[in-house]
Amino acid sequence: MLIVKGAQIWKDRGLKRLDFSVEGGKLSGFSPSLLPGPHDEVLNLSGHYVYPGLIDPHTHVGLLEEETGNFAGDDVNETTSPATPGVRAIDGINPMDAGIRNARNYGVTTVCVMPGSANVIGGEGVVIKTAGKSVDGMVVSSARKIVKMAFGRNITWTWSKKEKYPSTRLAVGAVLREKLNAAKNYMANPERVCTYEMEVLANLLKKEAIARIHVANLEDIETIARIAREFDFDYVLDHATALHTNVEFAKTLKVPVILGPLNVAGKSFQSYDVTFASVKILLEAGLLVSVMSDAPVIPLNLVRLQLFLVDRYRLDRSDILDLFTENPAKTLGIEKQTGSLGIGKDADFIVLDGDIFDYRSRIRSTYINGNAVGGEDYEMDS
Amino acid sequence: MLIVKGAQIWKDRGLKRLDFSVEGGKLSGFSPSLLPGPHDEVLNLSGHYVYPGLIDPHTHVGLLEEETGNFAGDDVNETTSPATPGVRAIDGINPMDAGIRNARNYGVTTVCVMPGSANVIGGEGVVIKTAGKSVDGMVVSSARKIVKMAFGRNITWTWSKKEKYPSTRLAVGAVLREKLNAAKNYMANPERVCTYEMEVLANLLKKEAIARIHVANLEDIETIARIAREFDFDYVLDHATALHTNVEFAKTLKVPVILGPLNVAGKSFQSYDVTFASVKILLEAGLLVSVMSDAPVIPLNLVRLQLFLVDRYRLDRSDILDLFTENPAKTLGIEKQTGSLGIGKDADFIVLDGDIFDYRSRIRSTYINGNAVGGEDYEMDS
Amino acid sequence: MRKKITNVTIHSIVQKPYKGELIIEDGKIAEVGKTCSQTVDEVIDGKGGLCFPGFIDAHSHIGLNAEGYGFEYDDVNEMTNPVTPEVRTEDAFVPTDAALKESALGGVLVHCVLTGSANPVGGLAFIVRHTPSNLTGDKVVQRDVGLKMATGENPKRVYGAKNQMPVTRMGTAAVIRKYLQDGKNYIEKKAKAEKEKKPFFETDLKLEIAEKVLKKIIPVRIHCHRSEDMLTAIRIKEEFGIRMVIEHATEYLKVREEIKKSGVPVILGPFMSCRPKVELKDMTYKTYKGALEDGVLMACMSDHPVFPSQVLRLQAGMAVAYGADEEGMFRALTIMPAQILGIDQDFGSIEKGKQASLCIWDGHPFDARSRVIWNDQDSWTAL
Amino acid sequence: MRKKITNVTIHSIVQKPYKGELIIEDGKIAEVGKTCSQTVDEVIDGKGGLCFPGFIDAHSHIGLNAEGYGFEYDDVNEMTNPVTPEVRTEDAFVPTDAALKESALGGVLVHCVLTGSANPVGGLAFIVRHTPSNLTGDKVVQRDVGLKMATGENPKRVYGAKNQMPVTRMGTAAVIRKYLQDGKNYIEKKAKAEKEKKPFFETDLKLEIAEKVLKKIIPVRIHCHRSEDMLTAIRIKEEFGIRMVIEHATEYLKVREEIKKSGVPVILGPFMSCRPKVELKDMTYKTYKGALEDGVLMACMSDHPVFPSQVLRLQAGMAVAYGADEEGMFRALTIMPAQILGIDQDFGSIEKGKQASLCIWDGHPFDARSRVIWNDQDSWTAL
């Protein structure tokens, strides 16, 4: 058992002076003062701050590798067909990717890794911890199954260049409808022959899986909502760049949203509406909001910048931290396993030498499943 | 000496009952009755009609070969640069081409062969007789030098496909101006180094050569006239499909025109104005008019069709025959050598079993330089 | 909330213009006449202007290539497959297209949004009205109102470049026929499955739409410029017993008797443009006059963004310059498109019970200088 | 042959409209006033119409892609080389373009025909007037009246696709600067050759045109939509001391002070179109109002075939709807383009001695329903 003593810890939406214990990779006890037994390891963190490990619910780390040039490490879009539900992110992840290393060194202990946005149906996403040499051992198994989808311009830019269907937004919805209709036919057919592609979509229609849908513009969000009503499936809006421009509409959707990356230039018309204000607006509207880095779009060594920038809107700091911890955990269905400090949860936490909202503070150590796996000073080492 | 007896012959713009003699390939005497000497060969053509061999002043026979597929026998356009004054048609002619065989078998004894219309300056044309195995021996040496040019759409279709200059009619005139300006600079430069391309254009500016300009629409004819005024050179309008649509303008030009091919569909906008009436209109306007086949566009075995169709306008038949004989001879500068029956001229004539305007009459023999080289019945043989 | 509009000349379309008043309640016309008696919460002074129903642009691509967004944002044509009935303009519509507001400034308050004309079988159209909302859903008047088809140069050019069927007019007709025949087979197969009480029938989304067409639930909206293409369209209509509207109908005057006989409505335009295609060679504003005289059901189109919907009114004015009846042209902007689109119970004239889709003009709509000074949707500010 | 026009309201542009008469002799206005005294051979009854000078379309590609002739007959842009000063629109002009007759029906009797905007340095413009002749020569008003240049999206898009300079706005400016600098060097070299009495100087047709520009014989006519492009154009103008006219000037309002200060005339439009390019995003009819208020020399353009020259008048009418002064807009269709093009001694107003380039209208030209019922060139038949 590991006894962590002396730190200010972030628990139950506030900083508290509590010791805590870790056993078998899980958090096993919290108390103002824990007395270590003879076989316990003690970690004295007086003057330090402990927060739950951050969760980034939307990344491409390990798939779209850093430091590998343009081609060799790019496995993010299987652009041979506009609907590839049969492909799995887990099969393409390189755990040694600098992007994953950045994640753990800068405080992100869990990431969701998904295919890109070139296909209407991109494939299955996966939730992993950010330390390990084998991706299988990194999987967060409590997570709900994920089917990545995408709407809007990225699709049409990709396929119109190839002069292939769908080259316009007219046909993006049509591709999805066609596949979901095929899945319905598949499920209804008593003589069906099992295909993995159809099983993935059947999972979605049975609500065992949830759709994670890349989308920017409001009109595309409307189309998603329309199709989700037609076929009855659960979904999350990823990016949702313009959703805040119609709050009343946003409220009617009753779906989680994952905003970001927000610290980018709104240079294309797709990202025209990008603003940190969207976080505030949608939080105040009562939505379940998370923030993504879209790493490596925003590399995870910059993850805390987003927290600082949201903090400029003077939101409740508990709400802000939730954007990067509890909320993504809930969205991914892993909130019982990680995303906060509590008994029985994974011992995923970060140790800082100051308040996490103090930009001078540094992440001294990152713990995953109770093991120290990194920290800002590790950067140079690995 | 060959003595031809008994035929109706076309001489001095009318059919006459005359005998005639041929010596050294030239016509040497005409008389109502010629008495052959002991060494003379006699050809009795009682009941037959003799006409001067036809002249087609604008063809691509031998360059754009028939019966050779699309590529192998196509040498009509040197489409590697929009101005190729240095290339010579004579270097590309295959005397064995079925197109040349058709010419002589159907009564055409002289053709002008020129590069095509893909380039603003296509190269040098050549005038040849239509029988022989070596093109050098077929050349009509009295002909004026010819520089083939082209204006209008054929140019822009060719070069816009390559995305090269000149892709529009804006630049067609500009190409010609640039080359002629270069030639002027060349001629003025006392230290010039001889280049064949420049010499060809210098010949034009010195009026030793004449430009033969492919053109269809009236607006392009205006541009040609404008540039010819600017640089002062002689030219002939070839095709000139729309020239008859403004007779007053046509009269001001004072240049020969070579109309045709007229028995084609006016299917492109370039050939929209095509009509046999243009012959009548421009003849009546006093222009020097010839008719071309543009062979192999209209293959020369159909050459007489044009004569029949013009005849439907009830023009003077002498004027009609001139379109295919004297007038092209004058246009090519070979009227002293061929194009009519007269003492000292080449013995180029055709023998028919009826009036040339009777479409049932057949060409029994074609003579070039006094030698029988073909006729309609030869068709199957060669 | 009841509002009264006073001090206007009412151009109701169904009656001669008269000075009158009208009352709007819950977005509908509650009363209209020389004077209105109901008490109201608000009075809008029409300042002596002309009150017209909102014009209806019966054929537009508005919202599919929003203003100022360049070619990368062009969703007019899914030109990757000649048969795409499954695509829907609603899925691609950009409700914030600035052209919607501008069109309202030009008196156009309702648009039927179709796919383009690259594909012989294009996709599903829908109808929107101008509202201040940034949601498509708030603008929808009716969904899936017709299946776009196309003939003539455009499919030939698009698929000719790919060396794919169709590269000829014959090929285009064949592609359309095959699709409709597939639809007929599908209906039969479905009926058989139902009769045999099969536990399972494999639905096909492309052919579900053919079924709607063949059962006359929705019409085919067919792009034709040339006369022979219109006759081919009518031939196909007769063969398959479907409903049809002919779009553009540039050479209408050449086959006016045949079109009249077929009973097919036509949506004419846009004629206020140049003629970049050969098939537009004989385009003339006189077509409007002819169609009005023939008494066929006829509407004006902008084909936006080919021609801006904002000045649809001026195109109609040009038709008057070329001899068309002025009242007829107002009907071609209002009640006739409403009838063609099947929304005349709610739109297209100023009558009690209809939607209060209204504009007040400070001058005659066919005079370029005139302005809309009020409509029923915007918090009004002048131009 | 003297002809008198009676029974018209004369909109001379230089005076307030009045009921009057005018006499035409040898194609010129011999007399104009409330009554005319000279004896005449023919009297034309204007039927109470409005007599206007023929409108002048200061920026058009009319005749370069004739109506109904498709893309294969498009001679607007020689987009194979970014520097083509040597090309001339006169060489490509199709005098039988049906649009010329149609434009005359819309009151436009004079057109300045420019090359398109694909090339940073485009080609030579010329001016035509409407005549019944099928010869360009009979239509020419003036040759080589300006050298077209272009900035902004178009050159970038064209040469970007070829991966050839220019692919940026910087690159476009550099291409233009290099051309003008080459011209300066050429002038120097020529002067030196003359001074040294060399027997031979190698003329260069591209640079002969630069010489004309640099010696202010002809202006540069530069295509700019965005404000930064206009400022770049003015910067280049100042650097090389050349004459310049800014074409389109879509974002005029954003840099109105700078343009006014530069003294550069602007030719505005076409604003009656959609905005398929990003650089057109902020296009507005209000620009006309602003330019009139600023007192800059300003003209309307159709950019035909982008917008049909026939309805140039309605674009001007829309400007009035958006607040522009009506008389100002008539000047922008007549005397101001004549001044910009340097043909105001002959065109642009109804004054004694000027060309009788005239139209009689049966109603206000800004009302779509109005028609030209007579002009000075056609054997007149109604529309």
Side-chain angles (χ1 to χ4, degrees), chain B residues 82 151-157 159-182 184-192 217-227 229-231 242-250 252 268-270 272-273, chain D residues 61 63-66 68-97 113-116 118-119 122-124 133-140 143 148 158-159 161-162 164 198-206 208-209:
Chain B
F151 268 70
R153 311 293 175 181
N154 289 20
I155 309 282
T156 60
W157 289 336
W159 295 93
S160 64
K161 255 185 240 156
K162 300 174 191 281
E163 297 188 34
K164 287 194 175 150
Y165 188 94
S167 277
T168 61
R169 289 167 50 256
L170 290 165
V172 171
V175 166
L176 182 55
R177 283 193 184 90
E178 188 217 318
K179 287 291 175 187
L180 292 175
N181 184 60
K184 282 176 75 173
N185 285 335
Y186 174 83
M187 289 161 76
N189 188 348
E191 292 146 28
R192 68 176 165 274
N217 300 55
L218 193 62
E219 56 268 23
D220 290 318
I221 297 173
E222 278 196 271
T223 299
I224 289 165
R226 196 158 57 243
I227 294 175
R229 277 195 304 274
E230 287 170 31
F231 286 92
L243 184 60
H244 64 285
T245 64
N246 195 316
V247 175
E248 290 311 308
F249 170 67
T252 66
S268 98
F269 296 117
Q270 277 201 126
Y272 196 83
D273 285 313
Chain D
H61 311 296
L64 300 184
N65 185 9
Y69 281 62
F71 70 94
E72 289 187 335
Y73 274 66
D74 180 354
D75 290 314
V76 175
N77 282 298
E78 179 56 42
M79 52 177 99
T80 51
N81 183 333
V83 181
T84 57
E86 73 279 17
V87 310
R88 307 183 193 190
T89 52
E90 186 180 4
D91 286 354
F93 186 76
V94 176
T96 50
D97 185 353
V113 186
L114 296 89
T115 57
N119 294 350
L124 289 172
S133 165
N134 64 356
L135 294 179
T136 301
D138 290 342
K139 295 178 194 291
V140 173
R143 298 201 156 81
K148 181 73 184 291
V158 169
Y159 293 98
K162 301 176 198 273
Q164 183 183 345
K198 285 204 176 160
F200 164 70
F201 175 76
E202 187 158 341
T203 55
D204 179 313
L205 295 187
K206 286 191 183 225
E208 287 286 321
I209 295 157

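Side-chain atoms are counted along with the backbone in the values below, which use heavy atoms only and exclude waters and symmetry mates. Chain letters run A, B, ... following the sequence lines, proteins first, then strands; residues in each count from 1.
In this structure, B/Phe151 and D/Asp91 have side chains that are not in contact, with every pair of non-hydrogen atoms separated by 4.5 Å or more.
Nearest approach of B/Asn185 to D/Glu202, heavy atoms of both residues: ND2-CG, 3.0 Å. Nearest heavy-atom pair across D/Asn134 and B/Asn246 is OD1-ND2, 2.6 Å. The minimum heavy-atom distance linking B/Leu170 with D/Val76 is given by the pair CD1-O, 3.3 Å.
Residues satisfying the salt bridge (charged side-chain N to carboxylate O under 4.0 Å, His left out) criterion with B/Lys184, sequence neighbours excluded, are absent altogether. Shown here are the salt bridge (charged side-chain N to carboxylate O under 4.0 Å, His left out) partners of B/Glu248, two or more places apart in sequence or in another chain: B/Lys251.
If you measure heavy-atom distances from B/Arg153 to chain D, the contacts under 4.5 Å come from the side chain alone. Contact of B/Pro190 with chain D is made through the side chain alone, with heavy-atom distances under 4.5 Å. For B/Glu222, the part lying under 4.5 angstrom from a heavy atom of chain D is the side chain only. Looking at D/Lys162, the atoms closer than 4.5 Å to chain B (heavy atoms on both sides) all sit in the side chain, from C-beta outward.
In terms of heavy-atom pairs under 4.5 angstrom with chain B, the leader among D/Thr84, D/Leu135, D/Val94, D/Val87 is D/Leu135. No other option in D/Tyr69, D/Phe201, D/Tyr73 has as many heavy-atom pairs under 4.5 Å with chain B as D/Tyr73.
Under the 4.0 Å criterion applied to side-chain N and carboxylate O atoms, D/Glu90 and B/Arg226 are assigned as salt-bridge partners. Between B/Arg177 and D/Glu86 there is no salt bridge, since no side-chain N of the basic residue sits under 4.0 Å from a carboxylate O of the acidic one. Between B/Glu230 and D/Arg88 there is a salt bridge, since a side-chain N of the basic residue sits under 4.0 Å from a carboxylate O of the acidic one.
Here the CG atom belonging to D/Asn81 is positioned 10.5 Å from the OG atom belonging to B/Ser167, to the nearest 0.5 angstrom. With rounding to the nearest 0.5 Å, the separation of CG in D/Asp74 from OG1 in B/Thr156 is 9.5 Å. The CZ atom of D/Phe200 lies 12.0 Å from the CE atom of B/Met187; values are rounded to the nearest 0.5 Å.
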Inset, instruction - Decide yes or no on side-chain contact (heavy atoms from CB on, under 4.5 Å) for B/Trp159 and D/Thr80, but give the supporting numbers first. - result: CA-CA 9 Å; B/Trp159 295 93; D/Thr80 51; over 6 Å; no
Inset, instruction - Kindly determine whether D/Glu78 and B/Thr168 satisfy side-chain hydrogen bond (donor to acceptor under 3.5 Å, both in side chains), including the steps that lead there. - result: CA-CA 5 Å; D/Glu78 179 56 42; B/Thr168 61; 2.7 Å; yes
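Judged purely by atom type and a 3.5 angstrom limit, D/Asp75 uses its side chain to pair as donor or acceptor with the backbone of B/Arg169.
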